[in-house]
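Below is one structure; the comments refer to it alone.
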2 protein chains.
Amino acid sequence: MSIIAKTWNLPINLLKSIADMRYSHLFGKTVRQPKRDMQNSSHKLLYQAGFVRESTAGRYYFLPLGIRVRNKIIKVIREEMDATGAQEVLTPVMHPVELWQETNRDNEAGFELTKVVDRRGAEFALGGTAEEMMVELCRKFELSYKDLPFNIYQFSQKFRDELRARGGLLRVREFTMKDAYSFHTNEKDFEKEYEKMAETYKRIFDRLGLKTEKVLADNGYIGGDYCHEFVVESDIGESKYLVSEDGTYIAHEEVAKFKREEVNTDEEEQPFEIIQQPEWVTTMEDNFKHYKLPAQRFLKNVVYKNRVSQEIVIAVIRGDLEVNKTKLEHVLNAVGQLEEASEKDLEKIGTKPGYVHSWGHESVTYVGDISLTTVKNFIGGQKEKTTDSKNVNYGRDFECEILADIALAKEGYLTENGQKLTEKKGIEVGNIFQLGLHYSSKMANAVFTDTNGEKKPYYMGCYGIGIGRTLATIVEVYHDNKGIIWPEIVAPYKVHLISLNTENDEVRLRAEKIYKQFLEANIEVLYDDRDQVSAGEKFSDADLIGCPYRVVVSEKTGDQVEIKIRNGENAELINTDILIERLR
Amino acid sequence: MSIIAKTWNLPINLLKSIADMRYSHLFGKTVRQPKRDMQNSSHKLLYQAGFVRESTAGRYYFLPLGIRVRNKIIKVIREEMDATGAQEVLTPVMHPVELWQETNRDNEAGFELTKVVDRRGAEFALGGTAEEMMVELCRKFELSYKDLPFNIYQFSQKFRDELRARGGLLRVREFTMKDAYSFHTNEKDFEKEYEKMAETYKRIFDRLGLKTEKVLADNGYIGGDYCHEFVVESDIGESKYLVSEDGTYIAHEEVAKFKREEVNTDEEEQPFEIIQQPEWVTTMEDNFKHYKLPAQRFLKNVVYKNRVSQEIVIAVIRGDLEVNKTKLEHVLNAVGQLEEASEKDLEKIGTKPGYVHSWGHESVTYVGDISLTTVKNFIGGQKEKTTDSKNVNYGRDFECEILADIALAKEGYLTENGQKLTEKKGIEVGNIFQLGLHYSSKMANAVFTDTNGEKKPYYMGCYGIGIGRTLATIVEVYHDNKGIIWPEIVAPYKVHLISLNTENDEVRLRAEKIYKQFLEANIEVLYDDRDQVSAGEKFSDADLIGCPYRVVVSEKTGDQVEIKIRNGENAELINTDILIERLR
C-alpha cells in the first residue's frame, strides 16, 4: 500500500469535538424577568435564558446558547435535504435589481424589498427570497434534459422589511432561511419532487419535535399556482387554517374553499320592488329585525381600492358571509394590491358607507361571490336614503362582471363533501411552492434543451424553512412555567452539570473530575461551576435554560451524582460511570 | 435506570451522514476553458472545475463543490476557535448606523461602507466588520470583572464596497468572514489572548495546508495600536512584506521600520548657498549627473492633499527613499485621507511639479522623514526656475513641523539590528488586531465593573479570517497544470470514483456496488457514472476537480480497483475491501 502511505502529510491534529463550557465563562447569562413588551413564551424565555438579544426591532443577536441550537437545527435540515439528493449552494445576499425587474417583483406591492445602491451607482435588492438569483445561476450553464431535475438549496441571511416586527423570533426583519429551488423538464417530474419535499419537511420537523400540518395556502408574491405551509398548531400563531372533520382537507383561511349551501332556491322569484324603509333601519342588525329574516337573505357590498391602479372594486356577497381579500386579489390578478376603500373613495363614486349599491356605480369593477346564486329574492342591493330594494335576484336584476369564490371560510362551514370545518391557529415554520413556469417564462433564457434539441423553459418549485422561527416554535411547544424544555436533538447542551457546596474542596474537585469525564466521553455539557451561588439559583437557571439532563454533584450525592430529566418529576442518584455510559 | 429510560421519545431517525452524489446529477459541471479576464490560478480553476460562479463583479455564487469546501474550512475554524474557549454568536447583517456614528466610522474615508435605508427611514450599514455591534451587544449586559475575559465570534456575510474587485475569490465585495472580538479587564490579559489567537490561527492554517507568516501590519480603519496579518507567500499576493535575514522581524511594507544609516554626518556643515543651475537640469536624474552625487544627497518633496480637510501636506525625505503614505497618514492622524496632490493643488500653494520647496510654502504642513538628519549639506529644497539651493542642513536651514518615520522599507535595507531585509509577496488570509480602548473609549457605557465597584472601559482585540479568500489561497498553493489538488481535510469529496466501459453491464454493476460500499463505509465519494463519456474526459475532470483519491473501475481492473492519488505519479491495483479499510 505504498501509494496510500504516501498521502497527505499535513499536520491534521484532531481536536476533541467537545468544547469546554463553564457557566461562569458563558457569554450571556440568565435574567429573572422578561421585558414588559414581551408577549409570547418563546420571546420571554429565549431572552431570560440568554439565547438571543434584540438589536433593532426585528433584528436579533444570537448568543452562544442560541447559536448552538440554531446550528443544530441547520444540521438536521442539511442532513435531510442532502439525503433527498438536493445540493447546497450559496448566492450573494445582494441581488442585482435588474433580475427582479425581469419578473416585475422590484416594485410589486406586498413584498417588502430593501434596496441598496453601491458606490458605482449599481442597484441591488437585499435578498428576501432567491428565485431570480437561482434562475440567473442556472443561466450560466447550458442545461440539457440530462442535467434535470435538480434541487439546489442554501442557508443564507434573508431580509423582509416587515411593517410590524414582533413576537421575538417569530416575526423578524432579518433571519436565516433554508431556501431550496428545484428545476424540472415537466410538471409530472416536479410533482414527484414536491411530494418528496413535503415528506422531507415532515421528517425534518418530526426530528425537531414539531408536529406539523401541511396546509394548503396562498402563494402570494412568490407566484405559481399552489403551495402548502407547514404549520405547528399554536394559540399564538398568525396562520389561521381550517381542517375538515376527517382531516383530509386542511387549508389556510386565505384560500380555504367551502360549500355554499342552497338557502331558498326552491322559492319562486318575486317581482323586484323599491320599498320605503323606516328611518331607524340603518345597520345590518336593524335590517334583520325589521325584515325578520336571517343575514343570508341580504346582499352585502364591500368596497376596495387597488392601490396600484386606483381602480375601485365592489365585492358583492351573501349577507352572512365575509369577503376574503386574498381570494378577491387572485380573481383580479392584483396580489397584494387591494386596500379597504376610504370614505373619500366612496365619495368619488357618488356614495357613502352603508349606501353602496350592488350594481350601477360607474367606473367600478363588480365581483360577486358564488353564494349570490344560492338565494332567491334578496333584500338590499340598492339602498337610498329612505328606500331599499326587495326581491332582488342575481342574473335577473343584476349581474357582476365576475362571479367567483371570494368568501372567507369559517368554523362550522362545510367542505364540498359536506365535512364540517374546524378553525385552528398555528405558526408557519416552512412552506413549499409550485412555481411552474412563473419565473422561467418571465426571465430570458431560463431554458433547457429537450430530447429534440429544442429550448424549453424549465418547470420550478421552491421550498423554505425559517431557522429562527423554527427555533422559537420549538420553545412555544416545549416549555413550562420554569423555562424551556429542549428536545435533546437541538438542546444547546445535553447535560447541565451543577456543583453545589463548592466551598467544600472535596466536592469541588469531584465535580471538576466528573466534568472532565463528560468532556472525555464527548457528551456536551454546560458546567455551572459558580461559587457563592445558591442551589436554588443554580436549579432555576438549569430549568430556565432547559438542557435535557440535570446532573448535580454535592455533599449529599457522595460517590454518586443526582440525575433529573428536565421534563421529569423526580431526581435519583446514579453511579457516574453508568450515567456516562447511558448518555454517551 | 427508570429515569433515563423515560427520556425523549421523539422520532430521531438517524441518517447516514454521507449523501449520494453522482457526477451526472452534480449541479455545476466542469468547463474546459477559463474566461479571458481570469488571471490567477484559483480564479481559473475554481471556475473551470465548477466550484464558483460570479454574480456581479466581486459577488460570488458557491456551487455544490465549492460549498462543501467552504463548509469544511468553517468546520476547522469553528473547532479551533471553540477549543480556545471562544464562543460563537451571530449579529444581524444590518447594523444601525447610529453605532458607527459613535465611533466616527460612518463617514471615515478608507472604509467602504454600504448604507441602507428601511421603509421607516431608519439608516443601516451593511456590516463590513462588527466592532460596534459587538460592543452594543455587550452593553446589553451588566458586565463585571468576573464575566471577563471572553472572546465572541461569528461566521457571517460581510460587505466591502471595494473599488476594484478582481482575482476571483481573492478580492471580493461580499464574503463570509469569521470575525472574533475579545474583551478584557486590562492590557496584560488581552496580550495572553492575542498570543493565543496567533497560535490558533497558525494551527487553523496549518490544518488547512497553508504555511503562514505572522506579519506586523497596518491597523488602518480598524483602529488600535498594532496588528498582524497572516500571510501565505505567493507571487500573486497583494500584501508586500519584508523579512529580516534571521526571520525575527516580519512586517508589511506599510509599517516596516528600517535603519537610516548615517550618510556623511562626519562632514562639516557648509554655508547655505543659492546657486544657478543649467537649464537642462530638470529631473532627479539630471541632478545626479550634474552634481555627480548619489540620490541620498538630495532633498525630495512629495505633496499630498487631505481629502477630508483639504489641507496640503509636504513630505520631505532623503532623495534615495520613498514616502510611505500609510506611515504618513498615521503620523497625521488621517488614516485613509491622503491622496497625491494635483497640479491644481500645487498652483494653490504657488508652485508646480518639480519646483516644490522643502520649506516656506504657506498654509501647508511639513512632515520630514528621520532620514533628513543622516545627511549634511543636502542639494535642493528650494528650487526656482533657474536656481537651486546647496549645503542645506536640517535644523540649521529648515525644520519640518513633524519629523518622523515616514519612509518605505525596501529589499536590501537593514533592520535596526543590522539584519538585511528581503521583500516578499503574499496573500493575507487572516488578521489579528489589538484594539485597546479604541472602541470602548468612544462608545458610551462600554464598561465593566472592576473589583472596586468602579466602571471601567474594557480592553479589546479582534481577529478575522476570510473564508473565501482562504479557499482560493489553498487552490493557489495546491494545484498543477491539470487542476486543483485539494488537501484531504477540505476536499469536496475524499474519493473520485470513475466507472469506465459502462456499456458493459458487468462493469457498470460492479462500479455501482463499489459506490454503495464507499457510501456505507461513510467515505465521501463523487461518482462519475456518466455513459458515453471517454476515459480521457473523466480523468481530466477528476484532475481538474482535484479530490485526493481517484478510484477507477473498468474492464481491466477485474475484481480490484485502480487507485491513484491526485498528487502522485502512478496508479496501482488494489482490493476494494482493503482500500475501503484504509480510507475509512
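Naming: A, B, ... by sequence-line order, numbering from 1 per chain.
The most heavy-atom pairs under 4.5 Å with chain A, out of B/Leu65, B/Leu63, B/Leu99, come from B/Leu63. Of the listed residues (B/Lys140, B/Arg120, B/Arg53), the greatest number of heavy-atom pairs within a distance under 4.5 Å of chain A belongs to B/Arg120. Counting heavy-atom pairs closer than 4.5 Å to chain A, the top residue among B/Lys29, B/Glu136, B/Met133 is B/Met133. Of the listed residues (B/Val52, B/Val93, B/Thr56, B/Leu148), the one with the most heavy-atom contacts under 4.5 Å to chain A is B/Val93.
With a 4.5 angstrom heavy-atom cutoff, B/Arg22 does not touch chain A via any of its atoms. Within the 4.5 angstrom heavy-atom criterion, no atom of B/Asn151 approaches chain A. Contact of A/Arg68 with chain B is not made at all, since no heavy-atom distance falls under 4.5 Å. The contact between A/Glu162 and chain B is made entirely by backbone atoms, counting heavy-atom distances below 4.5 Å. Contact of A/Glu174 with chain B is made through the side chain alone, with heavy-atom distances under 4.5 Å. Of the atoms belonging to B/Gln154, not a single heavy atom falls under 4.5 Å from chain A. Of the atoms belonging to A/Phe27, heavy atoms from both backbone and side chain fall under 4.5 Å from chain B. Looking at B/Met21, the atoms closer than 4.5 Å to chain A (heavy atoms on both sides) all sit in the side chain, from C-beta outward. Residue contact with chain B, scored on non-hydrogen atoms closer than 4.5 Å, involves the backbone and the side chain of A/Leu90 alike. If you measure heavy-atom distances from A/Gln157 to chain B, the contacts under 4.5 Å come from the side chain alone. At a 4.5 Å heavy-atom cutoff, the contact between A/Ser55 and chain B is made by backbone and side-chain atoms alike. Residue A/Leu26 touches chain B through both its backbone and its side chain, counting heavy-atom pairs closer than 4.5 Å. Residue contact with chain B, scored on non-hydrogen atoms closer than 4.5 Å, is absent for A/Ser156. Only the side chain of A/Arg173 comes within less than 4.5 Å of a heavy atom in chain B; its backbone stays farther off.
Counting heavy atoms from C-beta on, the side chains of A/Tyr61 and B/Leu137 come closer than 4.5 Å. A heavy-atom distance below 4.5 Å is not found between the side chains of B/His25 and A/Asp147. You'll find the side chain of B/Thr114 stays beyond 4.5 Å of the side chain of A/Phe124, heavy atoms only. Annotation: side chain of A/Arg59 is not in contact with side chain of B/Thr91 (no heavy-atom distance under 4.5 Å).
Counting non-hydrogen atoms of neighbouring residues, nucleotides and ligands closer than 6.0 angstrom, the NZ atom of B/Lys202 reaches no more than 12 such neighbours.
Closest of all the heavy-atom pairs between A/Arg119 and B/Leu163 is NH1-N, 3.5 Å.
Formation of a donor-acceptor pair under 3.5 Å by the A/Asp161 side chain with backbone atoms of B/Asp118 is not found in this model.
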Go through the steps for B/Met94 and A/Phe159 under the test side chain to side chain contact (heavy atoms under 4.5 Å, CB included), then give the verdict. CA-CA 9 Å; B/Met94 283 172 68; A/Phe159 302 83; 3.6 Å; yes
Verify side chain to side chain contact (heavy atoms under 4.5 Å, CB included) between B/Val116 and A/Lys115, making sure each step is shown before the conclusion. CA-CA 7 Å; B/Val116 187; A/Lys115 285 190 190 170; over 6 Å; no
